[in-house]
Amino acid sequence: MSMMVEHMTTVFRTIMNDTELNRLLYYKDDPLSSSLPDVQTLENYYDPVDDSPSILSSIIKRAPKTDDLTDQPICRLCVYLGNGIPKPSIQSVMLLDQDLMIDVYTHINTYEETEFRNLKITDRICDMLFNQNFAGIGKNIKYTRLLISNAPEGYLGYKLIFTFGAMK
């Protein structure tokens with residue numbers, strides 16, 4: 001397995017295993033309530049049940065997939081690599097400043113009317129990734145949050161871009 005695949009696998013596992021983030025993505029009301037079970041312990045978190053997809057495959061994607069968001073109101077993360085730019089001072093294809101893209105989508109009428117759910121999810125992701133030496137890929141050197149102007153109808157979307165230095 002290449003180093004880049006290993007790094008992305010570590011990033012994806014870290015995100016999908018975070019209890020607080022899963023609660024914010026899955027539960028509609030009072031997601032941080034201790035009366036609700038952890039999402040990862042639910043029967044259909046990893047595996048589909050009946051004809052329904054797994055919770056994990058609905059709320060976290062490994063690519064910017066949004067064409068199915070109009071089926072039901074949910075929150076979703078899309079986690080994927082962005083640009084990899086060689087360091088100007090070290091012209092080497094082995095040392096890149098690598099962008100990690102995370103798109104955060106929340107259904108407006110279901111999640112944003114009662115609270116700022118997108119911002120809560122964004123804050124949690126920033127707590128996990130910003131200014132961290134993360135997954136062996138170097139320290140996060142830059143963070144950007146952009147509004148996604150063409151989010152699916154009924155959704156609010158933000159693109160988070162974390163730039164990590166010295167990825168190999």
Side-chain angles (χ1 to χ4, degrees), residues 1-26 31 39-40 45-46 53-70 74-108 111-112 115-168:
M1 182 178 338
S2 76
M3 289 299 288
M4 191 70 77
V5 172
E6 276 186 47
H7 296 324
M8 277 306 293
T9 301
T10 302
V11 168
F12 194 81
R13 283 189 181 143
T14 300
I15 288 170
M16 76 177 219
N17 289 327
D18 187 76
T19 301
E20 183 178 336
L21 183 59
N22 273 275
R23 287 173 166 271
L24 289 167
L25 291 168
Y26 182 71
V39 180
Q40 296 95 317
Y45 181 72
Y46 294 103
S54 71
I55 293 170
L56 176 61
S57 69
S58 296
I59 62 175
I60 304 175
K61 298 286 187 182
R62 295 175 194 249
K65 179 172 174 44
T66 61
D67 61 343
D68 60 341
L69 282 180
T70 56
I74 65 171
C75 296
R76 172 169 296 161
L77 296 183
C78 300
V79 181
Y80 55 100
L81 285 180
N83 297 324
I85 301 169
K87 291 187 166 291
S89 59
I90 308 174
Q91 293 299 317
S92 168
V93 296
M94 295 301 289
L95 294 174
L96 301 173
D97 285 343
Q98 178 65 57
D99 289 341
L100 171 67
M101 316 296 269
I102 302 176
D103 299 344
V104 182
Y105 294 98
T106 51
H107 190 261
I108 295 168
Y111 297 94
E112 295 298 323
E115 63 177 313
F116 295 108
R117 184 65 66 92
N118 201 300
L119 292 177
K120 288 180 179 183
I121 293 167
T122 300
D123 285 348
R124 179 64 195 141
I125 293 168
C126 287
D127 286 346
M128 294 168 58
L129 301 179
F130 183 69
N131 207 23
Q132 300 295 319
N133 190 344
F134 190 75
I137 57 178
K139 194 166 191 165
N140 174 257
I141 57 174
K142 182 180 165 194
Y143 162 70
T144 305
R145 184 181 73 231
L146 305 169
L147 179 66
I148 299 173
S149 60
N150 61 343
E153 185 175 341
Y155 280 84
L156 174 64
Y158 284 99
K159 179 178 295 298
L160 310 178
I161 305 170
F162 294 91
T163 303
F164 290 88
M167 278 189 92
K168 297 179 185 180

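Computation of the quantities below employed the complete heavy-atom set of this structure, encompassing side-chain atoms and omitting hydrogens, waters and symmetry-equivalent molecules.
- Nearest heavy-atom pair, R117 versus L24, reported as atom, atom and distance to 0.1 Å: NH1-O, 2.7 Å.
- Scanning both residues, L21 and R124, for their nearest heavy atoms gives CB-CG, 4.1 Å.
- Distance check: E20 CD to L25 CG gives 10.5 Å after rounding to the nearest 0.5 Å.
- Atom OG1 of T106 sits about 8.5 Å away from atom OH of Y158, to the nearest 0.5 Å.
- We find the SG-CG distance between C75 and L156 to be 10.0 Å, quoted to the nearest 0.5 Å.
- Between the side chain of Q98 and the backbone N or O of G82 there is at least one donor-acceptor pair closer than 3.5 Å.
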- Task: Evaluate the side chain to side chain contact (heavy atoms under 4.5 Å, CB included) criterion for residues S58 and Y26: first the C-alpha distance (whole Å), next the side-chain angles of each, then the deciding distance (0.1 Å), finally the verdict.
- Result: CA-CA 9 Å; S58 296; Y26 182 71; over 6 Å; no
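- With contacts defined as side-chain heavy-atom distances shorter than 4.5 Å, the pair N118/Y155 does not qualify.
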- Going through the checks in order, is the side chain to side chain contact (heavy atoms under 4.5 Å, CB included) test met by V79 and M8? CA-CA 9 Å; V79 181; M8 277 306 293; 4.2 Å; yes
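- By the side-chain contact (heavy atoms from CB on, under 4.5 Å) test, N83 is found to be paired with I85, D99, residues two or more places apart in sequence or in another chain being considered.
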- Task: Check the pair T19, V39 against side chain to side chain contact (heavy atoms under 4.5 Å, CB included), reporting the backbone distance first and the verdict last.
- Result: CA-CA 7 Å; T19 301; V39 180; over 6 Å; no
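- The stretch residues 143-153 participates, sequence neighbours left out, in no side chain to side chain donor-acceptor pair (under 3.5 Å) pair at all.
- For K61, the salt bridge (charged side-chain N to carboxylate O under 4.0 Å, His left out) test picks out no residue, with sequence neighbours left out.
- Side-chain atoms of Q40 come within 3.5 Å of backbone atoms of N17 as a donor-acceptor pair (strictly under, hydrogens ignored).
- Side-chain N or O atoms of R76 include one that pairs as donor or acceptor with a backbone N or O of K65 at under 3.5 Å.
- Every residue was checked against the salt bridge (charged side-chain N to carboxylate O under 4.0 Å, His left out) condition with D123, not counting sequence neighbours, and none meets it.
- In this structure, G157 and L147 approach most closely via the heavy-atom pair O-CD1, 3.4 Å.
- Here the closest non-hydrogen pair linking M101 and L81 is CG-C, 3.9 Å.
- Between L146 atom CG and K159 atom NZ the span is 8.0 Å, to the nearest 0.5 Å.
- If you run side-chain contact (heavy atoms from CB on, under 4.5 Å) between I102 and each of L129, I121, T122, I60, only L129 comes through.
- The side chain to side chain donor-acceptor pair (under 3.5 Å) check on T66 picks up nothing, with sequence neighbours excluded.
- Counting heavy atoms from C-beta outward, E115 and P31 have side chains that approach closer than 4.5 Å.
- The shortest heavy-atom contact between N22 and I15 is ND2-O, 4.0 Å.
- The OG1 atom of T14 sits 12.5 Å away from the CD1 atom of I125 when rounded to the nearest 0.5 Å.
- Applying the ring-ring contact (aromatic ring centres under 6.0 Å, His included) test to Y105 and every residue at least two apart in sequence or in another chain returns nothing.
- When all heavy atoms are compared, the tightest approach of M16 to Y45 is O-OH, 2.7 Å.
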